[in-house]
Protein chains: 2
Amino acid sequence: MTDAEQVNIWMRPERPARGPKPAYSRAQITEAAVRIADAEGLEAATMRRIAAEIGAGAMSLYRYVPSRDDLIMLMADRLMGEIDVEGMPSGDWRADLTRYAGELRAMWLRHPWIATAQRALVVFGPNQLRLIERVMGSLDAHVPIDENLALMAILNGYVESAARDEVSWTQEIRRSGLTESEWMARSYPYIQRLVESGEYPIFTKIVTGSRQPHLSRDDQFRYGLERILDCIAAALPADDGISDGDAPAGAAGPR
Amino acid sequence: MTDAEQVNIWMRPERPARGPKPAYSRAQITEAAVRIADAEGLEAATMRRIAAEIGAGAMSLYRYVPSRDDLIMLMADRLMGEIDVEGMPSGDWRADLTRYAGELRAMWLRHPWIATAQRALVVFGPNQLRLIERVMGSLDAHVPIDENLALMAILNGYVESAARDEVSWTQEIRRSGLTESEWMARSYPYIQRLVESGEYPIFTKIVTGSRQPHLSRDDQFRYGLERILDCIAAALPADDGISDGDAPAGAAGPR
DNA sequence: TAGATTCCGGGTACGCTGTACGCAAGTAGT
DNA sequence: ACTACTTGCGTACAGCGTACCCGGAATCTA
């Protein structure tokens, strides 16, 4: 059984029995990589750079991790470990999911590079599995597993795409190397041209409407989240939701 | 005003007045790049490969496009052009958004590499602007622009994250170079170990529950979409929704 | 029509990436 | 002490995006 036969990084043991004691560890390497990615973006976390960060030679990393892609999976799972789901499920599913959503979004904002990682969302590492148990556990008593999956997909989809939107702005600024106001100034002629063409009334509304005060990002997120949770409530059996009103008709569960 | 002062690819004219006639065009280059990315993934669409595809030298592409990143924006906007929103807004917002969502998902499935492109979602190219006008136009009569934005974010977020999930499986298979059943066989020991540990009851439910027939992907998507549309309906003034029932209470619009 | 100007295609080259390979040195099992 | 296997890591390679440069083609000016 060669190494190549392992599809999964989690199956690969960190340390064998024989030989000299390793000078580093997966956790240490992952930590260094996350630190660099947080500060300078995922593309700055090259193998050489990570190795330098911990004082190792570039090729030494490959004693711990089969490839950069696998290292990124380790990084992603490490991030999931930051999400505090202690005490879940608590019995109040709505409170649980609200807390989870907030934690997940906060984690994304702390580590915006997660948006640029390809295999970061479904890694099935230990931390993600713990999340699955805790969070999906909140709805497990109310709905069959298939429906639970569908509802979680909606929730995760909302949080992640909201976070992606917030984060992409940060990334755009970083990439351009400009300050926010410089970026604005550069874009102004284009925006102006679009508005003046008269062909884009809705776009114009967005641009000019955004001069008056908006909801804060946080409020925007919370507003959408409440909608999504209402959505989930409507999918639960009538007596399991908050039931301050009836679920809209025509929203039967799958099958 | 040097080239570097242009932040935006759309501001940069395709052709100047003087000099020899260009042998290629942005559209042709974009087309070739999309063709390669469709067949072999975005990472296969290197500058050299694209140039070879149209019979040009690698560096010639830079006469048409300032960088590979900008080319990817052109590719993304080309994809938006595939989305048929003819006749929108039609007056029936729910029909419009259903059609749009279906078209958007289908486009993602035709071009799975879009998930791996970093700046692909907000490019403000001509095709995306057309989409914005048509699709957001559907709700424009019913809600203020801020609320319209919030609801579109929810809808787009749902479709994109659903598509991302579907697509990531395809990508995983391609990356591994295995067939589906080979991949399954490789993963089996890991799954088995998790199940047998007894620590992951929900995960176990997912895995063992998935032996019986599920909803098809299409049905899954449609089910979630209906939920999201109900969600949107609830945010509209009472007489503007389909109103086969009352909107749930406690779901007032922002501000 | 002659010359100046401007832009085209693309060859060469540079710095960077992930990582295959090999080697000397260190540790455990026998 | 011998064997088996590990360790860290230097070297090397193919491939990437793209800066720079040049000969020639197209157009503008006179």
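Proteins get letters first, then strands, A, B, ... in listed order; numbering begins at 1 in each.
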Can you name the residues that form a side chain to side chain contact (heavy atoms under 4.5 Å, CB included) with [X], not counting sequence neighbours?
X      : answer
A:R193 : A:Y190, B:M11
B:E86  : B:D84, B:R134
A:T170 : none
A:V195 : A:I191, A:T204

Can you tell me which nucleotide in [options] comes closest to the side chain of [X]?
X     : options                : value
A:Y62 : C:dG10, D:dC9, C:dG18  : C:dG18
A:S60 : C:dG10, D:dG8, C:dG18  : D:dG8
B:S67 : C:dG10, D:dT18, C:dG18 : D:dT18

Handout entry: Under the side-chain hydrogen bond (donor to acceptor under 3.5 Å, both in side chains) test, residues paired with B:S25 that sit two or more places apart
Key =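 Residues passing side-chain hydrogen bond (donor to acceptor under 3.5 Å, both in side chains) with B:S25: none at all.
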Nearest whole Å is fine: how far is [N] [atom2] from [X] [atom1]?
X     : N      : atom1 : atom2 : value
B:I29 : C:dG10 : CD1   : C1'   : 13 Å
B:Q28 : C:dC8  : CD    : P     : 15 Å
B:L61 : D:dC16 : CG    : P     : 13 Å
B:I50 : D:dC16 : CD1   : C1'   : 12 Å
B:M47 : D:dA14 : CE    : P     : 23 Å
A:R68 : D:dC16 : CZ    : C1'   : 14 Å
B:Y64 : C:dG10 : OH    : P     : 9 Å
A:D70 : C:dT19 : CG    : P     : 9 Å

Exercise for the section: Over 60° means perpendicular and under 30° means parallel, so classify the ring planes of A:F124 and B:F203, tilted if in between. Expected result: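 Judged by the thresholds at 30° and 60°, the geometry between B:F203 and A:F124 is perpendicular.
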Practice task
Describe the nucleic acid contact of B:A51 in one word from base, sugar-phosphate, nothing, applying a heavy-atom distance below 4.0 Å.
Solution key: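 No contact.
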Exercise for the section: Applying salt bridge (charged side-chain N to carboxylate O under 4.0 Å, His left out), name anything that partners A:E166, two or more places apart in sequence or on another chain. Expected result: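 Partners of A:E166 by the salt bridge (charged side-chain N to carboxylate O under 4.0 Å, His left out) criterion, ordered by chain and then number, come out as A:R105.
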Could you tabulate the donor-acceptor pairs under 3.5 Å formed by side-chain atoms of residues 56-65 of chain A, not counting sequence neighbours?
unit_1: A:S60; atom_1: OG; unit_2: A:G57; atom_2: O; d: 3.3
unit_1: A:Y64; atom_1: OH; unit_2: A:A23; atom_2: N; d: 3.3
unit_1: A:Y64; atom_1: OH; unit_2: A:Y24; atom_2: N; d: 3.0

Between protein and nucleic acid, restricted to nucleotides 11-14 of chain C and to nitrogen or oxygen atoms under 3.5 Å apart, what atom pairs and distances do you find?
none

Problem - Residues from residues 31-46 of chain B lying under 4.0 Å of DNA chain D - heavy atoms - result: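 The answer is B:T46.
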Problem - Pair listing, salt bridge (Lys or Arg N to Asp or Glu O under 4.0 Å) test, anchored in residues 31-46 of chain A, at least two apart - result: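 Listed by first then second residue: A:E31-A:R78, A:R35-A:E53, A:E40-A:R49.
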Exercise for the section: Under the ring pair (Phe, Tyr, Trp, His ring centres under 6.0 Å) rule, collect the residues that match up with A:Y200, sequence neighbours excluded. Expected result: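 With sequence neighbours excluded, A:Y200 shows a ring pair (Phe, Tyr, Trp, His ring centres under 6.0 Å) to no residue whatsoever.
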Practice task
To the nearest 0.5 angstrom, please state how far the CG atom of A:L42 sits from the CD1 atom of A:I114.
Solution key: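 Result: 8.5 Å between the selected atoms.
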Handout entry: Atom pair CG/OH of A:L104 and A:Y158 - distance to nearest 0.5 Å
Key =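 The distance works out to 12.0 Å.
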Check the interface with nucleotides 21-26 of chain D: list each N/O to N/O pair with the protein under 3.5 Å, or write none.
unit_1: D:dA26; atom_1: O3'; unit_2: B:G19; atom_2: O; d: 3.4

